[in-house]
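All remarks here apply to the structure that follows.
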Amino acid sequence: MDNLEAQTYETFEKDSVKYIQYQRAVSKALVDRIPDENASTTTVVLMVVGAGRGPLVRASLQAAEETGRKLKVYAVEKNPNAVVTLHSLVKLEGWENMVTIISCDMRCWEAPEKADILVSELLGSFGDNELSPECLDGAQRFLKPDGISIPSSYTSFIQPVTTSKLYNDVKLHKDLLHFETAYVVKLHRLAKLSPSQAVFTFTHPNYSPDKSNQRYKKLRFEIPIETGSFIVHGFAGYFDAVLYKDVHLGIEPTTATPNMFSWFPIFFPLRSPVYVKAGSPLDFHIWRCCGSTKVWYEWCVTSPTASPIHNCNGRSYWVGL
């Protein structure tokens, strides 16, 4: 798991819409956690795991101020460069009495106390494609048994698309590896052939006895007959996340959070485009696979014609644990 560059942090931090949603979620969680009559006497322990350079710390403290709740924040961050900025921010804002900075990988840290609320921004364009399930399952040990995770759940979505531009860009590489890689890309020149469908959902905290984050889903896309025959070049992926109760954020086209730019969609290409006759169903299979050192996706089409399974055993594309 690599550290982010300063420029990446800067881009994320400018996405005010995202942090407004987080602040709303933390505010609601604080009010639910502590009734008004206990607000002045009870301190809520909140942990930000993957604190970066501090935007979630700021959003959480603003939520506490807005709701009149007392907050004790642990900001856990493994990137030493981000930690330097975080220390400067805490000093500049005068948060020394409220914020404790932990320069450590969340997987290795032993917390001195349990948290009421665990806040993170580990989501990728496909929800779970940047190891949010693995990270939050590991961090769950920090939470009190009745603790709250923000986000509380997230779901990936996918839909078939026609996009000769993206297909030809991938084809230019003249190798298998690039056709078995998923790309985060701002989608312009494409046709969406069917409404997106839900793929995988992860919920936190996860008290399921089966802790496996492996998943498999078969989806059937019914293309309207008036669409006519078409060629599928690949599949566009999105996510929608429930931060807390009715506060959500996401990029799934029908429910996308307006004016948010932290995430572009993800594109899963097909090695050979699939021709689909008018009115024919399109069957798509996708696996989320977990090994001891990496997580990866495999995908294929089985109808109207069968494609090879892409990225077998994560041979071309994976995320390292």
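All heavy atoms count here, side chains included; hydrogens, waters and symmetry mates do not.
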Original post:
Nearest 0.5 Å, what's the OG-CZ distance between S40 and R69?
Top reply: 10.0 Å

Original post:
Are Y19 and E13 linked by a side-chain donor-acceptor pair shorter than 3.5 Å?
Top reply: no

**OP:** Without swapping roles, check the side chain of T41 against the backbone of N38 for a donor-acceptor pair under 3.5 Å.
**Re:** yes

Subject >> Heavy-atom pair of closest approach, residues A139 and V49 >> reply: CB-CG1, 4.4 Å

Original post:
Do you know the tightest heavy-atom contact between Q197 and L219?
Top reply: OE1-CD2, 3.5 Å

Can you give the donor-acceptor pairs under 3.5 Å from side chains of residues 89-102 to other protein atoms, not counting sequence neighbours?
from: E93; atom 1: OE2; to: R58; atom 2: NH1; distance (Å): 3.2
from: E93; atom 1: OE2; to: R58; atom 2: NH2; distance (Å): 3.1

**OP:** Please say which of Y154, F157, F268 ends up in a ring-ring contact (aromatic ring centres under 6.0 Å, His included) with F126.
**Re:** F268

Original post:
When you look at V276 and I231, which way does the side chain to side chain contact (heavy atoms under 4.5 Å, CB included) test go after all the steps?
Top reply: CA-CA 6 Å; V276 184; I231 289 175; over 6 Å; no

**OP:** Would you check if the side chain of S149 reaches a backbone N or O of P151 as a donor-acceptor pair within less than 3.5 Å?
**Re:** yes

Original post:
Any chance NZ of K174 has more than 12 other-residue heavy atoms, nucleotides or ligands included, within less than 6.0 Å?
Top reply: no

Subject >> Stepwise side chain to side chain contact (heavy atoms under 4.5 Å, CB included) test for V242 and Y244 >> reply: CA-CA 6 Å; V242 176; Y244 183 70; 5.9 Å; no

Return a table of donor-acceptor pairs under 3.5 angstrom between the side chains of residues 258-265 and protein atoms on other chains or two or more places apart.
from: S262; atom 1: OG; to: D15; atom 2: OD2; distance (Å): 2.6
from: S262; atom 1: OG; to: K18; atom 2: NZ; distance (Å): 3.3
from: W263; atom 1: NE1; to: L123; atom 2: O; distance (Å): 2.9

Subject >> Side-chain donor/acceptor of Q214 to backbone N/O of C290, under 3.5 Å >> reply: yes

Subject >> Contact summary for A63 and V26, nearest pair of heavy atoms >> reply: CB-CG1, 3.6 Å

Subject >> Main-chain N/O of H178 paired to D175 side chain as donor or acceptor, under 3.5 Å >> reply: yes

Original post:
Does E134 come within less than 4.0 Å of R288, counting only side-chain N to carboxylate O?
Top reply: yes

**OP:** Evaluate the criterion side chain to side chain donor-acceptor pair (under 3.5 Å) for residue pair S60 and Q62; output intermediate values, then yes/no.
**Re:** CA-CA 5 Å; S60 299; Q62 285 174 338; over 6 Å; no

Original post:
Crowded around I225 CD1? As in, over 12 foreign heavy atoms under 6.0 Å?
Top reply: no

Original post:
Within a reach of under 6.0 Å around CD of E65, are more than 12 heavy atoms found that belong to other residues, nucleotides or ligands?
Top reply: no

Subject >> Side-chain (N311) to main-chain (Y297) donor-acceptor, under 3.5 angstrom >> reply: yes

Subject >> Donor-acceptor under 3.5 Å (H310 side chain, P308 main chain) >> reply: yes

Original post:
Can you find a heavy atom in the side chain of I309 that is under 4.5 Å from one in the side chain of W287?
Top reply: yes

Original post:
Hey, are K144 and D116 close enough for a salt bridge, meaning a charged N less than 4.0 Å from a carboxylate O?
Top reply: yes

Original post:
By side chain to side chain contact (heavy atoms under 4.5 Å, CB included), which residues pair with K70, not counting sequence neighbours?
Top reply: T43

Original post:
Are R33 and D146 within salt-bridge range, i.e. N to O under 4.0 Å?
Top reply: yes

Run the side-chain donor-acceptor check on residues 314-321: report pairs under 3.5 Å with partners two or more places apart or on a different chain.
from: R315; atom 1: NE; to: E180; atom 2: OE1; distance (Å): 2.9
from: R315; atom 1: NE; to: E180; atom 2: OE2; distance (Å): 3.4
from: R315; atom 1: NH2; to: E180; atom 2: OE2; distance (Å): 2.7
from: S316; atom 1: OG; to: E180; atom 2: OE1; distance (Å): 2.8

Original post:
Taking atom types as modelled, is there a side-chain donor on T302 or H285 under 3.5 Å from an acceptor on the other?
Top reply: yes

Quiz: residues 232-239 side-chain donor-acceptor pairs under 3.5 angstrom, not counting sequence neighbours:
from: H233; atom 1: ND1; to: T163; atom 2: N; distance (Å): 2.9
from: Y238; atom 1: OH; to: Q159; atom 2: OE1; distance (Å): 2.5

**OP:** Could you tell me the separation between the CH2 atom of W299 and the OG atom of S307, rounded to the nearest 0.5 Å?
**Re:** 10.0 Å

**OP:** Side-chain contact test, heavy atoms from C-beta onward, threshold under 4.5 Å: evaluate it for V73 versus L61 and give yes or no.
**Re:** yes

Original post:
For atom NZ of K171, is the number of surrounding heavy atoms from other residues, nucleotides or ligands below 6.0 Å larger than 12?
Top reply: no

Subject >> Sequence neighbours excluded, every pair satisfying ring-ring contact (aromatic ring centres under 6.0 Å, His included) that has a member inside residues 31-82 >> reply: Y74-W109

Subject >> Joint hydrophobic cluster, L193 plus L187, side-chain heavy atoms closer than 4.5 Å >> reply: yes

**OP:** Quick one: pull up CD in E121 and OG in S132 and give me the separation to the nearest 0.5 Å.
**Re:** 11.0 Å

**OP:** Verify the cluster assignment for L270 and V185: are they in a single hydrophobic cluster under the rule of side-chain heavy atoms below 4.5 Å apart?
**Re:** yes

**OP:** Applying side chain to side chain contact (heavy atoms under 4.5 Å, CB included), run through M106 and K78 and close with a yes or a no.
**Re:** CA-CA 7 Å; M106 70 178 83; K78 72 180 178 67; over 6 Å; no

Subject >> Side chain proximity check, C289 to E298, heavy atoms < 4.5 angstrom >> reply: yes

Original post:
Thinking salt bridges, do E113 and K72 make one under a 4.0 Å N-O criterion?
Top reply: yes

Original post:
Can you name the nearest heavy-atom pair linking S280 to I223, along with the distance?
Top reply: O-CG1, 4.1 Å

Original post:
So if you build clusters from Ile, Leu, Val, Met, Phe, Trp, Tyr with side-chain heavy-atom gaps below 4.5 Å, do W296 and F179 land together?
Top reply: no

Original post:
Is it the case that one hydrophobic cluster holds both V31 and V44, taking links as side-chain heavy atoms less than 4.5 Å apart, direct or via other members?
Top reply: no

Subject >> hydrophobic_cluster_shared for L143 and L122, side chain cutoff 4.5 Å >> reply: yes

Subject >> From CG (L190) to CZ (F267), nearest 0.5 Å >> reply: 8.5 Å

Subject >> Minimum heavy-atom distance A111-F142, with the two atoms named >> reply: CB-CD2, 3.8 Å

Subject >> Verdict with reasoning, I251 to T257, per side chain to side chain contact (heavy atoms under 4.5 Å, CB included) >> reply: CA-CA 6 Å; I251 59 169; T257 308; over 6 Å; no

Original post:
P273 versus Y167: any side-chain heavy-atom pair under 4.5 Å?
Top reply: yes

Original post:
Going from NZ on K218 to OH on Y216, what distance comes out if it is rounded to the nearest 0.5 angstrom?
Top reply: 6.5 Å

Subject >> CG-OG1 distance between D240 and T255, expressed to the nearest 0.5 angstrom >> reply: 4.0 Å

Original post:
side chain to side chain donor-acceptor pair (under 3.5 Å) between T201 and T155: does it pass, once the steps are laid out?
Top reply: CA-CA 4 Å; T201 297; T155 301; 2.8 Å; yes

Original post:
So, D128 and R215, do they make that salt bridge, N to O below 4.0 Å?
Top reply: no

**OP:** Return the minimal non-hydrogen interatomic distance between G52 and E77, and the atom names on each side.
**Re:** N-OE1, 2.6 Å

Subject >> Any donor-acceptor pair under 3.5 Å from S303 side chain to D283 backbone >> reply: no

Original post:
Are K165 and D169 close enough for a salt bridge, meaning some N to O gap below 4.0 Å?
Top reply: yes

